[in-house]
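In what follows, a structure is listed as structure tokens, so that the remarks can point back to it.
So that the names make sense, note that chain A is the first sequence line, chain B the second, and so on, each numbered from 1.
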Protein chains: 2
Amino acid sequence: MMTIEDGWTDGAGGVDRTPGNRSRDALRAAQMYYLQDLTMNAIARELRTSRSTVSRLLSMARETGLVQIQVNNPSDRAPALEQQISRRFGVEAHVVPVADSVNDSEVLDRVAIQAARTIGPLVDSNAIVGVAWGSTLSAVSHHLTRKQTHDSTIVQLNGAGNTQTTGITYASEILRRFGQAYGARVEQFPVPAFFDHAATKTAMWEERSVRRILDLQRRMTMAIFGVGSIGAGIPSHVYSGGYLDREDLETLETDEVVGDVATMFFRADGTHRDIVLNTRSTGPELDQLCTVRRRICVVSGESKINGLRGALAAGLATDLILDEGSARRLVHS
Amino acid sequence: MMTIEDGWTDGAGGVDRTPGNRSRDALRAAQMYYLQDLTMNAIARELRTSRSTVSRLLSMARETGLVQIQVNNPSDRAPALEQQISRRFGVEAHVVPVADSVNDSEVLDRVAIQAARTIGPLVDSNAIVGVAWGSTLSAVSHHLTRKQTHDSTIVQLNGAGNTQTTGITYASEILRRFGQAYGARVEQFPVPAFFDHAATKTAMWEERSVRRILDLQRRMTMAIFGVGSIGAGIPSHVYSGGYLDREDLETLETDEVVGDVATMFFRADGTHRDIVLNTRSTGPELDQLCTVRRRICVVSGESKINGLRGALAAGLATDLILDEGSARRLVHS
DNA sequence: ACGCGCTGTGCACGTTTGTGCAATGCAGTT
DNA sequence: AACTGCATTGCACAAACGTGCACAGCGCGT
């Protein structure tokens, strides 16, 4: 007979309800399904359980990152669009195929899913990942697949408070999801998105609690953000959500701002000197952002194209994930 | 309207029968299926084709290595069996889960499939992969998944001729399949498995045509082999296939041989000095084999356990892929 | 022009897979 | 012991999927 210790690598012996079985069975099932091409029925027989349980074990295996599915386009024959974008803008492009017939919210959803799956493999142990907030990142955060890492940290890139709410629940939900997916510590940045007075920012930036976050940001190994865009149809969250008053919006216009990344603004040519609002923004200095090894920009929807152009001109991203429609718009002009 | 040039990254425009579409559609389909979780029906609509075609595109994407599915067991909580084997024998173990109720030939098949999928990701560009022959490798070769590589070479580890046939079709089929899967050059080793006289081997080993192969073997980055085993129930191919005569088998017994790798023999303790048959064998010197960075041993069936123990004692493998039954037998000693 | 073989397509069918639901088991509480 | 709340299971049904088959388009040789 087998002892319990033996039993725990064993699916064929007697039925064994030791706790922790589930994840072991999930691994066995995943191997049999994905590596041996058995049907769920056959697996159920070997595991002495029902087919439906196997189905559930497999979804669990996928969700917890036990199974990783990646689609590589052998770079030698990558789709033309991706190559063109790479050449022209010096970023690694991931174009999300989407027929132009689908509506904007579905495009966002699908870009978000694919972005989440693309980001997954890039998160290593000991990583310090900066994460912005906004509708794009919120969508992405809903689709992250888990991956076990050690000692990684998710750090908030910019404050999220505004004049109406502290914005904390919204932003912190995003962060929390990232942290949970990668088993990482989460470091929130409990400041408003914009200070009313630049002097307050200067003062706060001397506080040790704040410096701790800024220090983490300086040591980021990866940053993930969307872009905000001015000018085109729908304004982003930042431009309509109560973060900026009429006067602020006017100064943006005067400064010829076309968009922002993590509430730091820039112009169409990528410059950001002397944009007054940036002195009150809590986002990371763009020059400093550019020193981060991997900077992933997620964009969905053609309305963001102006902001995106500026961000690319500023060299803010090393990787760009965007829907096919926007990609085409980007290169065709 | 779109021009044809636009059309070729486009699935939504008019129906477009440009050649090469298939692999592009396969990529699009794979992204939509595996990264965006659409159903095949939805994909068919966007690609303007039928669901069945999408199904076929997806199988193509999997077969050609466009999609790679890997199952990782986060090493911190790897199954106990694998950890035990790793510790005791100093190899990375991949245990293939198989209920003990399934018959030997199915076990072989399933080990082969999983081995093929495990090997795939390890083959890089510029690799020189040594491949042995035998029933195990034959089974593996049938299940390799394609993967695009540049300038890699598959080299035969040991001659395959015997007194009855040249053995070439059998061995070369295996090699050919490896070559095709990885887009690699194939270098056969057109010599018998064993020379009748050691002197012939010495002479042949000076021939430039042979030296070219030996040189490749010296520069191998990876070797893949099974084990032969003496003593247990069913003897391996080598021991029964007309490669050795009665006298040879007697000398093996005298020399206390327990098994072989690529027709080079060894004893239970892993030693191989003064085994006379090795002087006539065309397999690689075992000491030299041990200098190869990655040495993958595939074993299926408990009858091979004696040979396997010897091979492990000799330190011939860095990676071991074997079925669960054998694995258990191995650690329970 | 015609026929031939080849490749790729959609249909139809049987198989495989996902999931709402009710039943069961188990732990903690009254 | 009885009760309650939560997690897990198998069932049954519907959705999604794979594949043999017949047919259409195309290139090629006669």
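- Considering only side-chain N and O atoms, B:T53 lies nowhere under 4.0 angstrom from the phosphate OP1 or OP2 of C:dG8.
- Of the candidates B:Q114, B:R110, B:R117, A:D37 forms a side-chain hydrogen bond (donor to acceptor under 3.5 Å, both in side chains) with just one, namely B:R117.
- In plain terms, the two heavy atoms of B:Q36 and A:V96 that are nearest each other are NE2-CG1, 3.0 Å.
- The backbone N or O of B:A127 sits nowhere less than 3.5 Å from a side-chain atom of B:D124 that would complete a donor-acceptor pair.
- When rounded to the nearest whole Å, the span between CE of A:M60 and C1' of C:dT19 equals 18 Å.
- One atom, CE of B:M32, and another, P of D:dA16, lie 16 Å apart when rounded to the nearest Å.
- The closest side-chain heavy-atom distance from A:M222 to A:V123 is below 4.5 Å.
- The nearest whole Å value for the distance from the CG atom in A:L47 to the P atom in D:dG10 is 11 Å.
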Please list, one pair per line, the donor and acceptor atoms closer than 3.5 Å that link side chains of residues 178-186 of chain B to other protein atoms, with sequence neighbours excluded.
from, atom 1, to, atom 2, distance (Å)
B:Q180, OE1, B:R176, NH1, 3.3
B:R185, NH2, B:T153, OG1, 3.0

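- Across all strands shown, A:S59 has no heavy atoms under 4.0 Å from either base or sugar-phosphate atoms.
- To the nearest 0.5 angstrom, B:R45 atom CZ is 6.5 Å from B:T39 atom OG1.
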Pick out the pairs of N or O atoms, protein on one side and nucleotides 14-18 of chain C on the other, that lie under 3.5 Å.
from, atom 1, to, atom 2, distance (Å)
C:dT17, OP1, A:Y33, OH, 3.0
C:dT17, OP2, A:M40, N, 2.8
C:dG18, OP2, A:S55, OG, 2.9
C:dG18, O6, A:R51, NH2, 2.7

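- OP1 and OP2 of D:dC11 both lie 4.0 Å or more from every side-chain N or O belonging to A:S50.
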